[in-house]
Amino acid sequence: MRMRDISKSFGQIQANSAVSLDIYRGEILALLGENGSGKTTLMNMLSGIYFPDSGEIEIDGEPVVIASPKDAFDKGIGMIHQHFKLVNVFTAAENIILGLEDEDAFDIAAACGRIRAICDSYGFDVDPDQKVYDMSVSQKQTVEIVKLLYRGADILILDEPTAVLTPQETDRLFAILRNMRDDGKAIVIITHKLREVLDISDRVAVLRKGAYVGAMATAETSPQEMTNMMVGHQVSLNIDRPAPVDPKERIRVSGVTVRNQEGVVKLDNVSFTARSGEILGIAGISGCGQKELLEAIAGLQPVEVGSIEYIHDNGRSEQLIGKDPLEIAALGVALSFVPEDRLGMGLVGNMDLTDNMMLRSFRQGRGIFTDRKGPRHLAEKVVEELEVSTDSISTPVRKLSGGNVQKVLVGREISSSPTVLLSAYAVRGLDVNSSYLIYDLINQQKERGVAVVYVGEDLDVLLEFCDRILVLCGGKVSGIVDGRGATKNEVGLMMTKLGGEEA
Amino acid sequence: MFDLVSFIPRAVAQGIPLLFGSTGEIITEKSGNLNLGIPGVMYVGAISGVIGSFMYEHSFADPTQMNAVLAVLIPLVCCLLGSLLMGLLYCFLTVTLRANQNVTGLAMTTFGVGFGNFFGGSLIKLTGAEVPSIALSATSRLFRTTLPFADSTGWFGKVFLSFGFLAYLAIIIALVAAFVLNRTRVGLHLRAVGEDPATADAAGIDITRYKYITTCLGCMIAGLGGLYYVMDYANGVWSNDAFGDRGWLAIALVIFTIWHPEVSIPASILFGGLYIIYLYIPTGTNLAVKELYKMLPYVVTIVVLVFSSLRNKRENQPPESLGLPYFREDR
C-alpha cells in the first residue's frame with residue numbers, strides 16, 4: 001500500500017502536506033511524530049474518516065478512493081482510534097457486528113460463535129456477551145482488534161494503543177500484534193514512546209509538522225536519532241533529577257479512606273507525606289485511586305475517615321479536610337489533572353486560551369469587572385515558553401491538538417506559583433519534546449521548594465524522575481520506594497500485588 | 001361503584017394519541033434527535049387530515065354517498081404528508097444545518113399549534129357555522145367502524161373490540177417498533193447512531209440517512225395520533241386548541257417507558273386513564289377537588305422523572321448523544 005503526496009488542511013491549519021508513505025504486508029510500521037504533527041490525521045484519511053484534499057492512495061498497485069469508513073473496510077483497512085469507537089451500552093458482540101450488512105439473517109448467536117473462533121486462534125480473551133461499560137480499557141481495546149479481524153481487515157492501524165495500558169497489558173498486546181504480523185497482516189502503530197518503537201516495529205516513519213521526514217529500519221536506528229528527526233534539532237533524552245533541597249514535610253496524609261458515589265472504597269487507609277522540594281511519584285494501574293487521592297487533597301472528594309494536614313513553613317499544621325476547594329487553593333495547593341479525554345477537567349473547550357487562564361483568576365479584578373490583561377499576558381507567556389502551537393491566544397482550546405491542550409493546562413497551574421503541585425498524567429499522550437518541557441517545568445517548581453505529587457503512567461519516567469514513588473494497588477498503599485534505587489520490575493509487581501510479594 | 005367496563009375503553013381512547021406520539025418520539029430519540037416538536041407535529045397531522053377530509057366530504061351534497069375507502073385514505077394520506085413535511089423540516093434544520101434541537105423543536109411546536117388553529121379557524125369560517133368547530137361526522141363514522149360482532153360480545157367486546165382501526169394500528173406500530181429496535185440489524189444500527197454517532201460512522205453507518213428516515217417516520221407516526229384524536233376520539237369534531245397538551249404527555253411517556261415502545265402500550269393507557277379519572281371519582285359539587293384530580297397525569301410524570309433519574313442502570317439512560325448534532329470532522 002502506498003500513499004502519494006497526501007495533503008489535508010482544516011481551515012487555516014495545514015495538517016498534512018504532501019506526505020508519501022509506503023506500508024508493507026507482514027511488517028509492523030511505527031509512525032512517529034510530535035503532537036499535532038499530523039499522524040492521526042494521516043491515518044484517518046486511510047480509514048475514511050477524513051478525505052484528503054489532494055494526493056493518491058494505492059493498494060497493491062491499484063489506485064483507490066477511500067471516501068468513507070465503509071470504503072476502508074471494503075479495502076481491508078481497519079483503524080483502532082485513540083478514543084475507542086465502541087457503543088457503551090452494547091455487548092462486545094453487538095459492537096463487533098455493528099455496521100455489517102451481511103446477506104444472511106441477523107443472528108447474534110452465530111456472530112458470537114465466529115467471534116469465539118477468532119479469539120481462540122489469536123489468543124484473545126473476550127466474552128461476546130459482556131457489556132462494554134463493564135470492561136477495562138485493555139478489554140475494550142481487545143474488542144476493537146477482534147472487531148477489525150471479524151471484518152477481515154488485513155491492514156491494521158493502531159493510534160497510540162499503549163497510552164492506557166499497564167506494562168503487562170502492553171506486552172500482551174505486542175505479542176498479539178507480532179502474531180498478526182506473522183500472519184501476513186500490515187500493521188501501523190502510532191506512538192510517542194520510543195522504547196515501544198524499538199520493541200515492536202520493523203520500520204519507523206517520522207512526521208514533523210505535517211510533513212514526511214523519513215523512514216528507516218528500526219534495527220538501524222537509535223532513540224536519539226528518532227528524536228532528532230521528530231523534533232528537527234538535538235534534544236537531550238535524560239531527565240534531570242536534581243537532589244531535593246532542604247525537604248520539609250508539607251502535606252501529611254494519614255489513614256485516609258474514600259468511597260465513591262456508588263459506595264465502592266476507592267482509597268483504603270492511605271498514609272504518606274509529601275515533602276517540599278521533592279517529587280513524590282504515584283504509580284499504579286489506572287483507576288486504583290490516584291484520581292481520588294489528588295481530589296481528596298484538593299478538597300474535591302469527601303473523605304470518610306483520616307486526616308490530611310498542610311504544614312506551614314513554621315511547622316504549624318492545618319487540617320485540610322472540611323475546607324472547601326477555594327480555601328485549599330488559597331494555601332497554594334494547585335491541582336492539574338489531565339483526564340483520559342484531556343479536556344474533561346480544568347479547561348473549557350469552547351473558550352479561548354485567555355478565558356481558560358481566567359478560570360483561575362476570575363475572582364481578581366475590580367468590583368464586578370474581571371481583569372483580562374493579566375490572563376492575556378499569562379496566555380502569551382504559556383504559548384511562548386511551552387511552544388504551544390496555536391493560531392492565536394483567542395483560539396478555542398478544543399481546536400488545539402491534545403498535547404497543546406495539556407501544555408496550556410499544566411502551564412496555567414504552574415503559573416499560580418503553588419506550594420504544592422498535584423499533577424496527574426501531565427504528559428499523557430504528549431510527544432517526547434513536549435514531555436521534556438513539562439518535566440523541566442516540574443523540576444523548576446521542585447527547585448523552588450514546591451512539594452510535587454506526580455501521578456504518572458510511564459514507569460520508566462517515574463523511576464528516572466521522582467525522588468520517591470508511592471505505589472497504589474486497589475486503593476491501598478502497596479509501598480513507598482526510593483526512586484533512585486527501585487527497579488521497574490519491583491514497582492510493576494507492587495502495582496499488581498500488595499507489597500509486591502508473590503501471592 | 002367504579003365502572004371499570006366503561007372506564008377502560010375511555011382510558012384506551014385517551015391513551016391512543018399518547019401511544020402514537022410516544023412511539024414516534026421513541027424511535028426519533030433512538031436516532032439521537034430530541035424532537036420537542038412532537039406536539040406541533042400532532043397538531044399538523046390532525047389538521048392536515050381534517051383539511052383532506054373536509055374537502056372530500058364537502059364535494060358531496062350528501063356525505064353518505066362518499067366512497068368509504070377514499071374517505072378513510074384521503075385524510076390518512078394528508079395526515080402522513082403533513083407530518084412528513086414537519087419531519088423533513090426538523091431534520092433539515094437539525095441534521096443538515098445542525099441547528100440546536102431544543103430550539104428547533106420548541107419553534108416547531110409553536111408553529112404546529114398555530115398552523116392547526118389557523119387552518120381550523122379558516123375552515124370554520126368557510127362552513128359559516130354558529131359553533132366554533134367543524135364536524136366531519138360521516139368520515140368519523142368510518143374511522144370508528146368496529147368489527148360487526150363487537151357489540152354482541154358483552155363486556156369483552158366493550159373492553160377489547162370497541163375501537164376504530166387506528167387504535168389497533170397504534171398497538172401494532174408500537175410492537176413492530178420494539179421488534180425492529182431490539183431484534184434487527186437496522187435497529188442495532190439505529191441505536192448505535194443515537195448512542196455514539198462517531199462510532200456508528202466509523203462502522204460505516206450512514207448517520208444522516210438514519211437520522212432523516214427515523215425522525216420522519218417518527219413524525220408520521222406521531223401525526224397519526226393527531227388524526228386519531230380528531231376522527232375517532234372527538235367524533236370528527238375539530239375545534240381549536242382541543243387537542244391540548246397531549247403532545248407533551250407523549251414526550252413525558254418516552255421517559256416513563258425508558259425508551260421502550262412496547263412498554264408504552266400499557267403506559268399510555270395508564271396515562272389516558274389518569275387523564276380522565278376525575279370523571280369517575282365522585283367528588284360531589286366540590287369542583288376544587290376535581291381540579292386536583294385533573295393534575296394527576298402531570299404529577300405522575302414528575303414523580304416518574306424523579307425516579308427514572310435516580311435509577312443508574314446504564315441501559316435505562318437516554319441515548320448518549322441525544323440532542324447533540326453530529327459532524328464527522330469536528331474535534
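Proteins get letters first, then strands, A, B, ... in listed order; numbering begins at 1 in each.
Within residues 139-149 of chain A, no residue has any heavy atom closer than 4.5 Å to a heavy atom of chain B. Residues of residues 187-195 of chain B placed with any heavy atom under 4.5 Å of a heavy atom in chain A are listed by number as B/Leu188, B/His189, B/Arg191, B/Ala192, B/Glu195.
Other residues, nucleotides and ligands contribute more than 12 heavy atoms inside 6.0 Å of the OH atom of B/Tyr168. Heavy-atom neighbours of B/Arg98 CZ from other residues, nucleotides or ligands within 6.0 Å: above the threshold of 12. No more than 12 heavy atoms of other residues, nucleotides or ligands shown are found within 6.0 angstrom of NZ on A/Lys70.
Summarising the geometry of B/Ala198 relative to A/Lys85, their closest heavy-atom pair is CB-NZ, 3.7 Å, with the distance given to 0.1 Å.
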Would you be so kind as to tabulate the donor-acceptor pairs closer than 3.5 Å made by side chains of residues 266-274 of chain B, with sequence neighbours excluded?
residue: B/Ser268; atom: OG; partner: B/Ser264; partner atom: O; Å: 2.6
residue: B/Ser268; atom: OG; partner: B/Ile265; partner atom: O; Å: 3.2

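Looking at A/Leu98, both its backbone and its side chain come within 4.5 Å of chain B, counting heavy atoms on both sides. Contact annotation for B/Asp206: neither backbone nor side-chain heavy atoms come within less than 4.5 Å of a heavy atom of chain A.
With sequence neighbours excluded, no residue forms a salt bridge (Lys or Arg N to Asp or Glu O under 4.0 Å) with B/Asp196.
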